Amino acid sequence: MKLEREVAAETIKIQARKVQVHYGTNHALKDVDVDILSKNVTAFIGPSGCGKSTFLRCLNRMNDTVASAKVSGSILLDGADIYDPRVDPVQLRAKVGMVFQKPNPFPKSIYDNVAYGPKIHGLTRSKAELDEVVESCLRKAALWNEVKDRLQSPGTGLSGGQQQRLCIARAIATSPEVLLMDEPCSALDPIATAQVEELIDELRSQFSVVIVTHSMQQAARVSQRTAFFHLGHLVEYGETGTIFTNPKDPRTESYITGRIG
Amino acid sequence: MKLEREVAAETIKIQARKVQVHYGTNHALKDVDVDILSKNVTAFIGPSGCGKSTFLRCLNRMNDTVASAKVSGSILLDGADIYDPRVDPVQLRAKVGMVFQKPNPFPKSIYDNVAYGPKIHGLTRSKAELDEVVESCLRKAALWNEVKDRLQSPGTGLSGGQQQRLCIARAIATSPEVLLMDEPCSALDPIATAQVEELIDELRSQFSVVIVTHSMQQAARVSQRTAFFHLGHLVEYGETGTIFTNPKDPRTESYITGRIG
Amino acid sequence: MSIGLLSLILLALATAGYLVARTRAVASAGGDARRLHSLPAFHGRLTAMSVLVPAAVILILWLIFEGFAIRGAALSQLKPSDVPDGSTMDLIMSDVGRIADGLNQLEARGTELAPLLASPDALAAALKDVGVAQGGAPTPDTILAAQASREALRTSRIGLSIVTLAAAVAGLVLVLRRITPEFRARNATEALSMWLLIGASLIAVGTTLGIVLSLLSETLHFFRLYDFRDFFFNLTWNPKFTGGSDLGIWPLIWGTIYVSAIALAVAVPIGLFSAVYLAEYASKRTRAYVKPLIEILAGIPTIVYGLFALVTVGPLLRDWISIPMGIGNSSSSVMTAGLVMGIMVIPFVSSLSDDIINAVPQSLRDGSLGLGATPSETIRQVVLPAALPGIVGAILLAASRAIGETMIVVLGAGAAAQLSLNPFEAMTTVTVKIVSQLTGDTEFNSPETLVAFALGLTLFTLTLCLNIVALIIVRKYREQYE
Amino acid sequence: MTDMTDHPLLMPDARTKARNAAERRFRAYGLTAITLALAALVWLLVSIFSAGLPAFKQTFITFPVTLDAATLDKSGKLDPVEMAKVTTIGYGKLIDKAFAAEIEAKGIAHEVKPKELGDMISEQAGASLRDMVLANPALVGQTIQFQALANGRIDGYFKGRVTMETASRDKNTSPEKLALADKLRDAGVIAVKLNPGFLTMSDASDKRPEAAGLGVAILGSLYMVVIVLCLALPIGVAASVYLEEFAPKNTFTDIIEVNIANLAAVPSIVYGILGLAIFINFAGLPQSAPIVGGLVLTLMTLPRIIIPTRAALKAVPPSIRDAALGVGASKLQTVTHHVLPLAAPGILTGTIIGLAQALGESAPLLLIGMVAFVKDFPGLPPQGLFDPAAALPVQIYNWTQRGDPGFVERASGAIIVLLVFLVVMNAAAIYLRRKYERRW
Amino acid sequence: SARDQLQIAGSSTVLPYATIVAEAFGEQGSFPTPVVEGGGSGAGRAALCKGVGEDTIDIANSSSKIKQSDIDTCAANGVTDIMEIRIGYDGIVFASDIAGPDFALTPAAVYSAIGAKVAKDGALADNAAKTWTDVDAAFPAQDILMLIPGSKHGTREVFDIKLLEEGCKATGAYDLYLATAEGADDKEKGANALKACHTLRTDGVQVEIDGDYTETLSRLDANKQAVGVFGLSFYENNTDKLKVATINGVVPSVETIASGDYPVSRPLFMYVKKQHIGVIPGLKEYLQFFLSEDMVGADGALVAYGLVADPEVEKVRAMIDAEEVMAPLQ
Ligand SMILES: Nc1ncnc2c1ncn2[C@@H]1O[C@H](COP(=O)(O)OP(=O)(O)OP(=O)(O)O)[C@@H](O)[C@H]1O
Ligand SMILES: Nc1ncnc2c1ncn2[C@@H]1O[C@H](COP(=O)(O)OP(=O)(O)OP(=O)(O)O)[C@@H](O)[C@H]1O
Ligand SMILES: [Mg+2]
Ligand SMILES: [Mg+2]
């Protein structure tokens with residue numbers, strides 16, 4: 001990990017130090033230190049229940065909404081502590097967007113789902129511009145063709161995978177600086193997955209993307225860096241290539257080769 | 001398809017003919033004919049939004065709960081039409097269990113989530129027996145180790161993948177004759193996935209399992225027969241091996257090789 | 001057999017049935033309850049219900065209809081000549097009913113009936129003795145009729161006992177005999193329960209019917225005494241004690257709308273904001289205390305609010321607003337009553353909405369917050385639309401309460417019925433006038449009193465329209481979440 | 001980290017500032033709303049309690065009374081029938097005499113006319129003493145220490161309602177009597193004490209506000225509320241469950257839905273008209289009886305429970321129903337095991353609010369004869385449900401109409417009792433509601 | 001089983017007297033305390049006329065004489081024998097805040113204050129008086145605000161007849177109304193003119209009270225310059241807050257009303273279902289008790305409470321003893 005620190009000096013987007021999360025008495029995340037670089041895709045991998053989502057939710061303070069969650073440690077975004085009382089979580093979340101693990105479209109029309117972010121952030125000036133944004137986001141999320149004839153029907157009436165893509169479209173519509181994606185392709189077929197991966201690659205040119213995935217292949221395909229979590233610990237973090245070909249920690253190796261879960 | 005019909009004569013568990021589903025004006029499923037064999041794992045594959053979940057929900061009449069859904073055609077379970085007005089959907093669902101695409105644990109304790117089915121069906125005689133059932137189901141669903149210390153905490157406080165496994169445990173606790181699983185491993189890491197696949201294989205010795213998956217590998221690994229859906233049509237259905245190695249329909253081939261989605 | 005005893009026997013039968021059916025079900029499955037289609041408890045419940053439900057239905061229907069049969073039996077003993085001038089058959093029949101009642105009581109006391117039956121005078125005295133009043137003196141014919149009705153009643157009750165018990169036993173045996181492991185007791189129980197649920201819903205329909213019917217006949221009576229065109233199109237409400245009143249409904253309807261609108265203008269924002277704050281911002285502890293506290297507002301007797309309006313709010317508004325602004329000098333005003341009523345109905349909006357807001361799944365909030373929406377944006381654009389049906393229901397309840405309120409209006413808004421736009425003038429509402437016209441000193445059969453029924457029916461129709469509109473709005477804007 | 005103040009995260013742009021301001025305003029509105037509601041509550045409660053607390057205390061005059069056998073038991077046989085012939089007026093004279101004697105014995109000088117001394121004691125005293133003696137005839141011939149209620153004006157004097165100045169204009173009392181009362185208090189004959197009779201005695205006429213109590217009204221309200229709770233809650237929940245979960249969605253059920261909402265808007269007095277028509281005129285139940293009151297209030301409360309219950313049922317996410325149905329639960333099991341518990345907070349809120357209104361409603365009772373002066377206690381249920389009884393709101397309504405100012409204080413006291421009754425009754429509901437509250 | 005307590009309903013004016021009697025009656029020990037309801041004279045008479053039998057009431061209290069329509073309803077329902085018992089008179093007084101000035105009212109002053117039109121220079125003109133001084137220079141310079149009984153109150157009838165009509169005639173407005181009144185003959189014209197006299201101003205100088213005297217009292221509290229209408233007994237219980245006005249120079253009191261010097265009073269009645277006498281225990285005894293010396297005698301409880309006893313009470317007692325049924329209305 002020493003290596004990154006040096007390289008990162010100017011491009012660290014998010015710096016997490018000694019992050020701990022407790023859900024009541026359940027110690028879900030233990031002393032996690034991660035640096036997330038800008039214009040990079042970072043993959044979080046690890047067995048189910050190891051704390052990936054928890055950590056992701058720390059990065060844009062979504063854990064604030066879980067009454068039982070207690071977060072400690074420091075997380076800096078562009079050098080500013082996001083848990084500083086002066087920080088406005090709203091502004092933070094506008095910069096750090098999120099796609100949740102369970103698709104949660106609003107019970108509104110498909111159009112309104114995507115238009116919601118741009119509207120509240122005032123990103124568009126006219127209806128036409130908004131229409132454009134909605135269309136381009138839906139296209140990027142590989143959903144446009146399936147829904148273009150039913151933009152006004154409710155987002156909750158979509159299939160599981162469609163909902164997931166709708167949530168991706170909704171998240172990118174606000175053009176966040178960092179996009180956190182919690183298993184964005186879990187309900188997608190290979191083609192749609194490929195399209196979303198393409199999107200992620202495209203986003204990387206400007207933004208940071210953090211993606212949680214259970215598919216090593218996907219992690220290897222899309223990410224530049226990979227973090228491996230296990231039982232609440234960050235076991236290993238580094239260049240994706242290194243992690244997959246030459247893991248330092250025996251646990252990482254066992255996981256990648258499919259021996260621990 | 002001719003081939004199966006002959007073989008199946010005595011072991012067809014579910015026979016679907018000309019099943020059509022409309023959601024309002026949206027024609028989601030078009031003339032689907034499928035025979036699901038007993039003691040077999042059948043995989044449904046196809047691009048997102050093609051109607052896999054819809055068809056699955058027809059098989060245990062869960063579509064009854066969607067006000068806008070209209071189902072036509074006939075589905076026979078052990079030769080009896082399940083849409084016959086004399087059929088009790090409750091009994092049907094006790095026989096044909098389901099794991100939903102989006103994990104939906106009850107807002108009750110983990111224990112109660114699993115114990116619910118056995119309780120209402122009177123499957124156990126004593127508390128001790130019930131405890132046993134709960135434990136064995138959680139073990140089979142590869143969740144026991146993670147939750148054994150917190151059986152009384154709410155099922156909604158689990159991670160995404162844990163919830164998914166909880167729902168699997170809940171579904172198998174009622175020992176259904178047919179188990180419908182809608183992407184049961186989408187949120188699971190490879191190890192957990194392997195365990196669930198093992199479970200599926202185990203279940204196959206007695207029951208029928210129908211599994212929806214986006215992973216061709218998984219379909220190939222666990223299923224004996226595979227059905228490929230596309231835009232509401234059942235494009236091809238047959239032995240898994242044949243489908244993956246020697247598909248008849250060009251669409252199937254394109255999908256498997258990753259060209260259409 | 002008395003009804004009470006009969007009910008006890010039925011209950012006992014049901015309990016026994018429950019227990020027997022349970023054991024039988026288990027036994028039928030060879031002691032292994034798992035082989036049963038339905039849990040043993042369902043077999044028990046089904047048996048108990050099959051004993052009780054049909055028997056209860058028969059019992060109730062029988063009791064309702066037996067009156068007609070008894071009446072028929074008594075009537076057959078009476079001749080048209082038994083009806084004296086100025087009386088009616090109905091009056092004679094009620095005397096007959098009372099004689100029969102008195103005879104029953106006399107019999108219960110152990111009095112020898114035969115001599116009384118022979119002598120109308122002796123019977124009259126004896127009836128007085130047991131506290132049975134008579135419209136007219138008993139005659140041989142009425143005594144005969146009374147005897148006939150007693151006889152009919154006795155027969156009817158014996159029949160009732162036999163039929164209900166037979167039904168109960170039949171239910172018991174039928175179910176017990178059908179108990180096999182395959183027997184779908186659960187489905188049967190649920191089908192029966194469904195009828196009970198339907199019955200419960202029908203009570204609401206029955207209530208409506210009852211209300212409409214009980215208002216309708218007197219309303220028609222009113223319109224025979226008072227031209228309906230004047231009622232609906234006259235713009236003055238000015239009843240007089242001695243008759244010749246103007247009974248135009250518009251000033252009252254206007255007052256009702258005005259007062260309720262002000263009340264809602266107070267209660268909806270306060271209630272909704274409180275609900276939102278409690279559900280979304282307040283800590284659990286705060287919520288646990290504040291919510292019940294606010295609910296006390298709904299439990300304070302309206303007389304307190306009325307006096308609060310009269311003594312505190314009215315003069316305050318008059319001295320600080322209406323007089324300085326030169327828009328009136330009345331301490332009773334629509335504004336006063338509306339404000340105070342608004343306070344009273346706050347909990348209707350706040351508590352009910354709070355529950356519904358709280359029931360909106362957290363994942364929706366997360367979705368919105370995750371996009372960088374502020375909590376208030378999330379609430380306004382995601383949570384409230386999802387909670388809309390409940391909130392509209394709450395507001396409707398609040399409006400209903402406001403429309404139905406009398407004391408606050410009487411004390412706060414005064415009793416002057418007028419069509420005015422100035423909220424600082426006294427006005428009154430339909431409900432207030434229903435109460436005051438119904439309880440005043442004028443005679444009952446005058447238009448001044450009967451107008452209360454017409455007012456009630458009109459109000460009923462108006463609120464019906466309001467509710468239909470509300471339903472349509474909810475249907476249109478509802479956002480159904482998963 | 002040293003210089004963070006100009007960091008973009010801490011330097012919100014104009015739009016964010018505006019949005020945050022809107023957020024703060026929104027929150028402030030919420031707080032203001034709650035503060036307003038609570039302020040109104042506090043104001044009302046303070047005024048209720050300050051006016052009503054004195055009702056729980058009462059002025060008593062204690063002095064020895066010799067129960068003269070010659071007047072109370074002329075036959076000398078302690079025959080209850082004979083003894084009952086001595087009316088309260090006879091006892092009243094005895095008390096007046098004893099009171100005068102006590103004043104003399106204590107050597108207290110005063111300017112009250114001897115004939116008017118008795119006016120300082122409540123007219124209730126004779127009745128109380130008579131009840132005491134008839135209950136225990138052995139007392140005859142003894143001298144007992146008798147505690148009599150003081151007349152309402154004397155009581156008002158000690159509570160500050162009556163002053164020397166008002167007394168001078170009042171033909172029901174006089175400054176001399178008040179002066180004597182002062183002296184008697186110094187002598188320990190008169191004292192202001194807690195008055196359990198306020199809760200246990202029955203109503204009294206205009207002549208004796210000091211003796212009026214809430215016993216009959218509390219019992220009547222209790223009977224009615226129990227009836228309402230036992231009928232309205234199950235029926236309301238059953239109807240809501242049917243309409244929301246089972247009924248086909250068609251025009252007919254739409255009509256029922258609108259209809260129920262409309263029932264809530266029917267003025268309560270109309271329910272009185274309905275109750276009179278069906279329960280009294282058709283079913284032949286007695287006037288003024290709690291059973292009729294309870295049934296009428298049940299009909300009135302039903303829509304108030306059904307509307308919130310339906311809303312709460314609607315708010316339960318369908319995925320939970322799917323989950324239960326998916327493991328083979330029947331619809332009814334799904335509803336009873338999963339949906340109802342999740343909807344419980346809403347149902348309980350409906351119950352709390354519905355009962356609050358039912359408990360406080362007097363208009364419908366007007367037409368079924370419960371807005372009445374009822375002196376005798378109703379019996380125990382079930383028979384007692386058919387006896388005449390009053391109700392708390394009715395008692396309050398009656399007392400606020402009485403001419404004697406003493407009743408104003410008692411009405412406020414009754415309001416306190418009503419509120420306490422309400423809180424006690426709803427405590428269980430509030431507790432349960434907290435327990436069932438959860439987010440998902 | 002038969003009802004053992006009396007049931008009484010009706011006028012809220014009679015209610016306090018009836019409860020005093022009922023309470024004392026119950027304490028005599030021979031009979032249970034009757035249940036006494038208010039609800040208004042009209043409702044009470046309607047309940048009386050519902051029929052005969054223990055499920056109907058025994059006595060209707062009424063602050064106005066029974067109407068023919070009620071008698072017809074009664075007859076139609078079999079209530080053929082009704083006794084009319086006049087129990088005394090209710091004095092109606094005007095009172096204002098204790099701290100305010102004295103009022104010496106006359107019917108003319110009342111009419112001039114709140115009548116819709118007044119005679120002015122020989123013609124009817126809209127009433128423009130704002131303060132009492134405008135009505136008569138002798139009155140205090142205080143805004144006019146009268147709290148009068150609502151149109152459903154029996155008191156209102158008396159108010160209309162004894163004050164408005166008298167005042168209307170005294171000020172000459174009646175003659176002017178009569179001159180323009182429509183009607184077939186003189187009688188009808190006269191009736192219409194009198195009706196016109198009942199018309200009141202609607203600019204807020206008079207407030208109709210739909211509630212009871214406590215409401216009037218509270219309103220007086222909120223509007224110190226108001227003059228309100230009360231029952232005599234209510235006033236006597238609240239002498240610490242109220243100052244009574246004289247009418248035609250007479251101070252209202254039990255004595256002046258009984259003697260007829262004080263003009264505004266009305267008779268109070270009980271209507272008794274004779275068919276219940278001897279059936280419902282204690283009915284006749286209650287009637288006798290009501291009119292006994294203990295109650296309506298000079299030192300009686302009712303008189304002490306403010307009821308003006310009927311000067312012809314002996315006749316009434318005899319009527320009760322004879323169970324005399326009322327004669328048809330003229
Ligand atoms: N409740 C609903 N109302 C309306 N349309 C629906 C509803 N559910 C599904 N659909 C539509 O029906 C079609 C088939 O949906 P279905 O859920 O069966 O897809 P799927 O094959 O399961 O896809 P996925 O892999 O994304 O879960 C889709 O176009 C979807 O939008
Ligand atoms: N709301 C909560 N309340 C209590 N415990 C929680 C909550 N959410 C998560 N946990 C627990 O915290 C731990 C980490 O959960 P997390 O959701 O971060 O796992 P994950 O790595 O995302 O797993 P998955 O791949 O299954 O989604 C788990 O043990 C989980 O049970
Ligand atoms: Mg996760
Ligand atoms: Mg699907």
Side-chain angles (χ1 to χ4, degrees), chain C residues 186 190 193 197-198 200-201 203-205 207-208 210-211 214 270 273-274 276-277 281 288 290 292-301 303-304 308 343 346-348 351-352 355-356 359 361-362 374 376 389-390 393 396-397 400 403-404 406 431 434-435 456 460 463-464 467-468 471 481-482, chain D residues 19 22-23 26-27 29-31 33-34 36-37 40-41 44 48 235 238-239 241-243 256 258-270 273-274 277-278 299 307-308 311-312 314-315 317-319 330 332 345-346 349 352-353 356 360 363 393 396 400 415 418 422 430 434 439-440:
Chain C
R186 181 179 47 65
E190 286 179 353
S193 310
L197 296 188
I198 292 175
S201 325
I203 289 181
V205 182
T207 310
T208 312
I211 286 176
S214 58
I270 296 188
F273 274 115
S274 304
V276 163
Y277 191 88
Y281 292 111
V290 171
L293 274 180
I294 293 184
E295 277 162 0
I296 293 182
L297 283 176
I300 294 180
I303 179 93
V304 178
F308 180 58
I343 295 175
I346 288 173
F348 284 74
S351 279
L352 297 173
D355 288 323
I356 303 302
Q362 182 63 29
T374 62
S376 64
L396 276 183
L397 259 189
S400 304
I403 290 171
T406 52
T431 313
I434 295 178
V435 177
F460 186 89
T463 51
L464 192 67
N467 277 297
I468 292 174
L471 183 76
Y481 50 80
E482 293 192 297
Chain D
R19 285 171 62 214
E23 168 70 22
F26 192 79
R27 252 181 109 112
Y29 294 150
L31 260 181
I34 290 187
L36 278 177
L41 176 72
L44 288 165
I48 292 170
I235 295 179
V241 164
Y242 176 72
L243 293 173
I256 297 188
V258 169
N259 185 25
I260 289 176
N262 192 37
L263 279 182
V266 171
S268 54
I269 187 150
V270 174
I273 297 177
L274 176 71
I278 51 177
L299 291 186
I307 294 172
K314 267 202 194 101
S319 64
S330 69
L332 198 65
T349 301
I352 291 170
I353 285 181
I396 293 166
T400 51
I415 289 167
L418 181 88
L422 190 75
I430 291 169
R434 248 189 103 174
R439 282 253 169 108
W440 53 80

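Computed from a predicted model, the values in this text were never measured in an experiment. The sequence lines fix the lettering, A, B, ..., with proteins before strands; numbering per chain opens at 1.
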task = Please identify each residue that fulfils salt bridge (charged side-chain N to carboxylate O under 4.0 Å, His left out) with C:Arg186, with sequence neighbours left out.
result = B:Asp88, C:Glu190
Pairs of heavy atoms under 4.5 Å with chain C: top-ranked of D:Ile430, D:Ile260, D:Ile415, D:Val258 = D:Val258
Spacing of CZ belonging to C:Phe348 relative to CD1 belonging to D:Ile353, to within rounding of 0.5 Å = 5.5 Å
ask   = At what distance, to the nearest 0.5 angstrom, does CD1 of D:Ile273 lie from OG of C:Ser214?
value = 6.5 Å
inquiry  = Between C:Phe273 and D:Phe26, is the ring centroid distance below 6.0 Å?
reply    = yes
request  = Mind checking the CG-CD1 spacing from D:Leu263 to C:Ile211? Nearest 0.5 Å is all I need.
outcome  = 5.0 Å
message = Run the side chain to side chain contact (heavy atoms under 4.5 Å, CB included) test on C:Phe460 and D:Val270 for me, step by step, so that the C-alpha distance in whole Å, both residues' side-chain angles and the decisive distance to 0.1 Å come before the verdict.
response = CA-CA 10 Å; C:Phe460 186 89; D:Val270 174; over 6 Å; no
request  = Below 4.5 Å from any heavy atom of chain C, which atoms of D:Pro345 appear? Answer side chain, backbone, both or neither.
outcome  = both
request  = Just give me the residue among D:Ile396, D:Asn259, D:Val266 that pairs up with chain C most often, heavy atom to heavy atom, under 4.5 Å.
outcome  = D:Asn259
message = Please classify the contact between D:Ile235 and chain C as side chain, backbone, both or neither, with a heavy-atom cut-off of under 4.5 Å.
response = both
Contact winner vs chain D - C:Pro347, C:Ala298, C:Ser351, heavy-atom pairs under 4.5 Å = C:Ser351
Least distance between heavy atoms, D:Arg27 atom then C:Tyr281 atom = NH1-CD2, 3.3 Å
ask   = Between C:Ala200 and D:Ala238, what is the shortest heavy-atom contact and its length?
value = CB-CB, 3.7 Å
When C:Gly456, C:Ala288, C:Pro389 are compared by non-hydrogen pairs under 4.5 Å with chain D, the top option = C:Ala288
query = Do you know which of D:Ala312, D:Ala363, D:Gly360, D:Ala261 has the most heavy-atom pairs under 4.5 Å to chain C?
reply = D:Ala261
task = Any chance you could measure D:Asn262, atom CG, to C:Thr208, atom OG1, to the nearest 0.5 Å?
result = 7.5 Å
Contact leader toward chain C among D:Ile307, D:Ile352, D:Leu422, where contacts are heavy-atom pairs under 4.5 Å = D:Ile307
key: Max heavy-atom pair count under 4.5 Å with chain D, selected residue of C:Ile434, C:Thr406, C:Val290, C:Leu293   = C:Leu293
key: Interatomic distance, C:Ile303 atom CD1 to D:Leu418 atom CG [nearest 0.5 angstrom]   = 12.5 Å
inquiry  = Can you tell me which portion of C:Ile300 sits under 4.5 Å from chain D's heavy atoms? Options are side chain, backbone, both or neither.
reply    = both
Closest-packed option against chain D by number of heavy-atom pairs under 4.5 Å, given C:Ile270, C:Ile203, C:Ile343, C:Asn467 = C:Asn467
ask   = For C:Leu464, is it the side chain, the backbone, both or neither that has a heavy atom under 4.5 Å from a heavy atom of chain D?
value = both
Chain C contact via D:Ile278 - which portion, at a heavy-atom distance below 4.5 Å = neither
key: Choice from C:Leu396, C:Leu352, C:Ile468 maximising heavy atom contacts with chain D below 4.5 Å   = C:Leu352
query = What distance separates D:Ile256 CD1 from C:Ser201 OG, expressed to the nearest 0.5 Å?
reply = 6.0 Å
ask   = Would a distance-only check, ignoring hydrogens and angles, find a side-chain to backbone donor-acceptor pair under 3.5 Å from D:Glu23 to C:Ser376?
value = yes
message = Is D:Ala277 in contact with chain C via its backbone, its side chain, both, or neither, using a 4.5 Å heavy-atom distance?
response = side chain
ask   = If you tally heavy-atom pairs under 4.5 Å against chain C, which of D:Gly346, D:Pro393, D:Ala311, D:Gly30 wins?
value = D:Gly30
query = Which heavy-atom pair separates C:Leu397 from D:Ala264 by the least distance, and what is that distance?
reply = CD2-CB, 3.7 Å
query = Can you say whether C:Glu295 sits under 4.5 Å from chain D via the side chain, the backbone, both, or neither, judging by heavy atoms?
reply = side chain
request  = Kindly determine whether D:Leu44 and C:Leu297 satisfy side chain to side chain contact (heavy atoms under 4.5 Å, CB included), including the steps that lead there.
outcome  = CA-CA 9 Å; D:Leu44 288 165; C:Leu297 283 176; 4.0 Å; yes
